[in-house]
Each structure stands twice: as structure tokens, then as C-alpha cells.
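Please read the structure below before turning to the comments.
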Amino acid sequence: MKKQFAVIGLGRFGGSICKSLSEQGMEVLAIDTNEDKVNEFASIATHAVVADTTEENTLKSLGIRNFDHVVVAIGDNIQSSILTTLMLVEQGVNHITVKAQNDYHEKVLSKIGAHKVVHPERDMGVRIAHNIVSKNVLDYLELSDEYSIVELEAGQTVNNRTLIGLDIRAKYGCNVMAIKRDEEINVSPSADEVLRQGDIIIVIGADKDISRMEKDLFDEED
Ligand code: ADP
């Protein structure tokens, strides 16, 4: 059976979640207080309704507790976001993901029982900062305060060299998880895999180790 999602708040973030879920073939109920927004998503989502989710009876009449996953993407109105989340928790929704506007908002959402709190602007800011500091860092995903996954573009320093030859694991304590070359992706590269300039290397490790490795092997000028 198809999973059923509800997205509350159809701003830039909620709207993009709604579109992407629909494109992936999921059943999506799109909800907003703004009628124009709801009309915009009527042809994209499975259903789209005008509703104020801070009203308990409205949520009940939508049968919100039957959805597998509810995303709260109410932006600036932090009070509405908190109240909506609280009622979703009270009604026993299985998975609740909420977008936080700031660290305090995030703390409150976690305390009242949101299962996942996302902070897209902050996270994207961190990723972009890593990307602009070093042009070889294509993408960056923080796993914890200490560990990350990064995508690095192979330059001349590593061209024609093997993973074992570069001694990445022993020297830097990092693991190469995958290598992307053109459209191909090798998800379990062997030690004798030869790197080529332009390959995208996906590495997992401690930030300080990744940073050392990046400086030695990937930080190149044009
Ligand atoms: P973003 O930063 O993702 O663009 P916005 O703040 O622009 O977010 O959008 C949030 C959306 O949430 C708006 O379309 C707004 O109408 C909707 N919204 C705000 N409060 C409620 C509510 N109580 N119930 C349903 N939708 C709401």
C-alpha cells in the first residue's frame, strides 16, 4: 500500500516537499490556510485543502492520525508551528517532521515530541560554507558534531593513483564509501581502484581527518 503523507504549510520548503513526494508517487494531502497556495497545489498533491491546523477539530476531521507521516512546514508563525505539532503528538501521529526557524524553536519542538526536527536554512548554510571554502568540496553532510560525509572532486594530485597507494584509511582514518565516474557509481571501491581526475569521491570520517586529507590530496588551485 502507498504511504500516506500530509504536508502542512505550502511555502517554499513545504511546497518543495509536497512536489517531491508526489513525484515519487506518494499519496499527499497538502494543507494551508492560504487558498491561493492550496489552489496552486491542487493539481500536484493527491488532495489539497484549506485548513487551519491549530484548530484541534480541523485536524481530527482531516483524519490526521491515519497518515503515516506528517510534515509541519509552517514558516514564520512559530506559535502555529508549535501548537500544530503538539496536537499531532497528542493525536498519536506515528511520524512527525517539523521545520524549525531557529535553535529555540528546535528545542521546543523536540521537547514536545516531534520525531524529527529539520533546520534547512542552517544546514544548507553549513554545506555551502564548506563548498565555498574549498572548491573541491562538492557537498557536505554533517553526521554529528565530529563526523561528516563529504563529496570531493579528484584533481591532479590523486589522478592515476590507487586508494591503497594513497593510504587514505591508514594515513587519515577516513573511508572512501563510493566513487562516482560519469554516470557510474561504484559503492564498494576496492583498495586497488585507480582514481581519475574528475572522479567524485565520497568519504566518511572525522572532520579533522577529512580536513587533513582534503588539504593534502584535494586542495588544488586552478
Ligand atoms: P517558507 O519559509 O518555507 O517559504 P512560509 O512561512 O513562507 O515558509 O510558508 C508557510 C506556509 O504555512 C504559508 O503558506 C502559510 O499560509 C502556512 N500556514 C501558516 N500557519 C498555518 C496554519 N495554522 N495552518 C496551515 N497552514 C499554515
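Reckoned from all heavy atoms, side chains included, excluding hydrogens, waters and symmetry mates. Order of appearance sets the numbers: ligands from 1, and atoms from 1 within every ligand.
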Can a side-chain donor-acceptor contact be found between His105 and Ser81 if the only test is distance below 3.5 angstrom? yes
Check: Met177 main-chain N/O paired with Asn175 side-chain donor or acceptor under 3.5 Å: no
Indicate whether the side chain of Thr33 and that of Asp52 have a donor and an acceptor atom separated by less than 3.5 Å. no
Tell me whether the rings of His115 and His95 are parallel (<30°), tilted (30 to 60°) or perpendicular (>60°). perpendicular
Sub-3.5 Å pairs, protein N or O with ligand 1 N or O:
unit_1: ligand 1; atom_1: 2 (O); unit_2: Arg12; atom_2: NH2; d: 2.9
unit_1: ligand 1; atom_1: 2 (O); unit_2: Lys99; atom_2: NZ; d: 3.3
unit_1: ligand 1; atom_1: 3 (O); unit_2: Arg12; atom_2: N; d: 3.4
unit_1: ligand 1; atom_1: 3 (O); unit_2: Phe13; atom_2: N; d: 3.0
unit_1: ligand 1; atom_1: 3 (O); unit_2: Lys99; atom_2: NZ; d: 3.4
unit_1: ligand 1; atom_1: 4 (O); unit_2: Arg12; atom_2: N; d: 2.7
unit_1: ligand 1; atom_1: 4 (O); unit_2: Arg12; atom_2: NE; d: 2.9
unit_1: ligand 1; atom_1: 4 (O); unit_2: Arg12; atom_2: NH2; d: 3.4
unit_1: ligand 1; atom_1: 6 (O); unit_2: Asp76; atom_2: N; d: 3.4
unit_1: ligand 1; atom_1: 14 (O); unit_2: Asp32; atom_2: OD1; d: 3.3
unit_1: ligand 1; atom_1: 14 (O); unit_2: Asp32; atom_2: OD2; d: 2.6
unit_1: ligand 1; atom_1: 16 (O); unit_2: Asp32; atom_2: OD1; d: 2.5
unit_1: ligand 1; atom_1: 16 (O); unit_2: Thr33; atom_2: OG1; d: 3.4
unit_1: ligand 1; atom_1: 23 (N); unit_2: Asp52; atom_2: OD1; d: 2.8
unit_1: ligand 1; atom_1: 24 (N); unit_2: Thr53; atom_2: N; d: 3.2
unit_1: ligand 1; atom_1: 24 (N); unit_2: Thr53; atom_2: OG1; d: 3.2
unit_1: ligand 1; atom_1: 26 (N); unit_2: Thr33; atom_2: N; d: 3.4

Does a sphere of radius 6.0 Å around CD1 in Ile185 hold more than 12 heavy atoms from other residues, nucleotides or ligands, not counting ones at 6.0 Å or beyond? yes
Give me each pair satisfying side-chain hydrogen bond (donor to acceptor under 3.5 Å, both in side chains) with a member in residues 155-164, each pair once, sequence neighbours excluded. Thr157-Glu220, Asn160-Arg196
